[in-house]
Asker: 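Take a look at this one; I'll ask things after.
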2 protein chains.
Amino acid sequence: MSILVVGSVAFDSLETPSGKRERVLGGAATHFSLAASFFTDVRVVGVVGEDFSEANEKVMLDKGIDTRGIERAEGKSFHWTGSYLKDLNAADTLATDLNVFAEFAPKIPTEYNDSEFLFLANIDPVLQLDVRKKMAGVKMVAGDTMNYWIGAHREKLLPVLKELDVLLINDGEARLLTGESNTLRAAEKVLELGPKTVIIKFGEYGSAAFFSERSFGDGIKRAPFRVHTLLLDEVVDPTGAGDSFAGGFYGYIASQGKLTPEVFKTAMFYGSVMGSFAVEKFGTERLENTTKADIEARFQQLRDLSHLS
Amino acid sequence: MSILVVGSVAFDSLETPSGKRERVLGGAATHFSLAASFFTDVRVVGVVGEDFSEANEKVMLDKGIDTRGIERAEGKSFHWTGSYLKDLNAADTLATDLNVFAEFAPKIPTEYNDSEFLFLANIDPVLQLDVRKKMAGVKMVAGDTMNYWIGAHREKLLPVLKELDVLLINDGEARLLTGESNTLRAAEKVLELGPKTVIIKFGEYGSAAFFSERSFGDGIKRAPFRVHTLLLDEVVDPTGAGDSFAGGFYGYIASQGKLTPEVFKTAMFYGSVMGSFAVEKFGTERLENTTKADIEARFQQLRDLSHLS
């Protein structure tokens, strides 16, 4: 089944302990789509500037991603400059040039209207809510956000949370959103804000899903589920790890077409697998060169890493 | 089969977000023994002062722990004062009163000589090496250490590492020991220092085992294995979590009497389970009141938390 993702398509300039790169392809919607494209059809809604080349678009087209919803505006694409020299787990933002993204008003091509799954990547919650309303008929809605919206625009974010089947955030965001440092208690408070299920991500330490009675529509509240990351001998560029996790996770769910506890858990494993590829090269390079066989091999590795016989 | 553990038997004065306690029973050998006692026979070598009461000893005796190797010296027992108010994952040491522990010279009762498993808890590496030599006939040796010995007494620690089947350390200690911040590379460097296997602990984020060709005596180097922690809605007192992990881990291995990859992995699950009990109350209180049924229930929880069907 098809996923519609709305979010940023951007260029990133990065420095990490492994090196420095200028203007590599990035953006939440880009990483998400590439990761999800291994599992299901993906349609992107976003905006780019005149600097977005055919070669850039080809990266997505090569994976069968539908780019008709990427609007081309006058000006430059969103450009983020960040450093991981101090801490591979936390980006230091050096510059955020929103450019055409500042005036982004998502337009959904009519061909996208039959999408069954909606992913609201990290953008202004007002836009997330707008897209969610335009896509009222979807089977499932998942979404991401960030510290900025939680801290400075909480009142705009809260209505979005009520629309979500699954919210994906990191542990710092969960603390900020709830004022709770204990993960289990923070998760319970997030669920009270509306999402049926919340996935809290711990960077290199994996992620955990917390369910409510509403998670699977059967009134049963299930115990949390945790997934490790794969251990890599070099994390080249952590940018997009979370979006790639989301893409693998949601792509797998869409490929199954239904949300059962087992589908959800398996999807988290695929999320972790896709996150592990994303960080192995700068930008989208490693996702571009991943194969289904690579993914299955790493899924098996992750299972072996964590499962008793 | 029997485990001989050498290490501290102490009193701890603690403050955590959950409250404050004066002089509760603590010490690495104490937490280790209590956790291991659910799986196998445990014999303790340590030293206490005149303030160590019959009631204190009874905590161990009630669990069938052999305390004949706990020497009673003139003076006071080791007393550690620490705070977790700033960070539940990292103790702030307020005072370390070594007292009788300053002159500790481990004496091993002849009745302990047939112990098959040796655990060297965190003490002066010179003493660890001494005990290891006195117990030359054991089947297996595991051990712990801490930043202080790694940083200030590395030359004393290195010969101990060469004696270990399994070294248990936390991620900060692994970084300090190897100068590597990447976990996988740090683990490889630790293995080069001698231990056949290293378990790196990430506090609330679980732990990972890294194997060498020497781990199971068959020349095969196996992939790493990771275990989560159980999520608790209140961590009352993290003191002894690592020692309780070690006790559960090593106790289970001793109970099986042989070291296979599957026994090792299952042992890590039991380690995580025992660590989860340890932190639920101050001092040893929760371990004292744990039952085999509690342990099995939590083992199943941990399996469900991490396993696909």
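Numbers restart at 1 for each chain; the letters A, B, ... are given by sequence-line order, proteins then strands.
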Asker: Could you have a look at A:Leu308, A:Leu231, A:Val235 and say which one has the most heavy-atom pairs with chain B under 4.5 angstrom?
Answerer: A:Leu308
Asker: So for A:Leu88, is it side chain, backbone, both, or neither that comes closer than 4.5 Å to the heavy atoms of chain B?
Answerer: neither
Asker: Ignoring hydrogens, what is the shortest heavy-atom contact between A:Leu184 and B:Leu232? Give both atom names and the distance.
Answerer: CD2-C, 3.7 Å
Asker: With a 4.5 angstrom heavy-atom cut-off, is it the side chain or the backbone of A:Phe225 that approaches chain B, or both, or neither?
Answerer: both
Asker: To see if you've got the definition right, give the donor-acceptor pairs under 3.5 angstrom between chain B and chain A.
Answerer:
residue, atom, partner, partner atom, Å
B:Asp171, OD2, A:Tyr205, OH, 3.3
B:Asn182, ND2, A:Leu232, O, 2.9
B:Asn182, ND2, A:Asp233, O, 3.2
B:Arg185, NH1, A:Asp233, O, 2.5
B:Glu204, O, A:Arg226, NH2, 3.4
B:Tyr205, OH, A:Asp171, OD2, 3.4
B:Arg226, N, A:Leu305, O, 2.7
B:Arg226, O, A:His228, NE2, 3.3
B:Arg226, NH1, A:Thr229, O, 2.9
B:Arg226, NH1, A:Thr229, OG1, 3.0
B:Arg226, NH2, A:Glu204, O, 3.4
B:His228, NE2, A:Arg226, O, 3.3
B:His228, NE2, A:His228, NE2, 3.1
B:Thr229, O, A:Arg226, NH1, 2.9
B:Thr229, OG1, A:Arg226, NH1, 3.1
B:Leu232, O, A:Asn182, ND2, 2.9
B:Asp233, O, A:Asn182, ND2, 3.2
B:Asp233, O, A:Arg185, NH1, 2.5
B:Glu262, OE1, A:Ser309, OG, 2.7
B:Glu262, OE2, A:Ser309, N, 2.7
B:Glu262, OE2, A:Ser309, OG, 3.4
B:Leu305, O, A:Arg226, N, 2.7
B:His307, NE2, A:Leu308, N, 2.7
B:Leu308, N, A:His307, NE2, 2.8
B:Ser309, N, A:Glu262, OE2, 2.7
B:Ser309, OG, A:Glu262, OE1, 2.7
B:Ser309, OG, A:Glu262, OE2, 3.3

Asker: Between A:Phe210 and chain B, with a heavy-atom cut-off of 4.5 Å, which part of the residue counts as in contact: side chain, backbone, both or neither?
Answerer: side chain
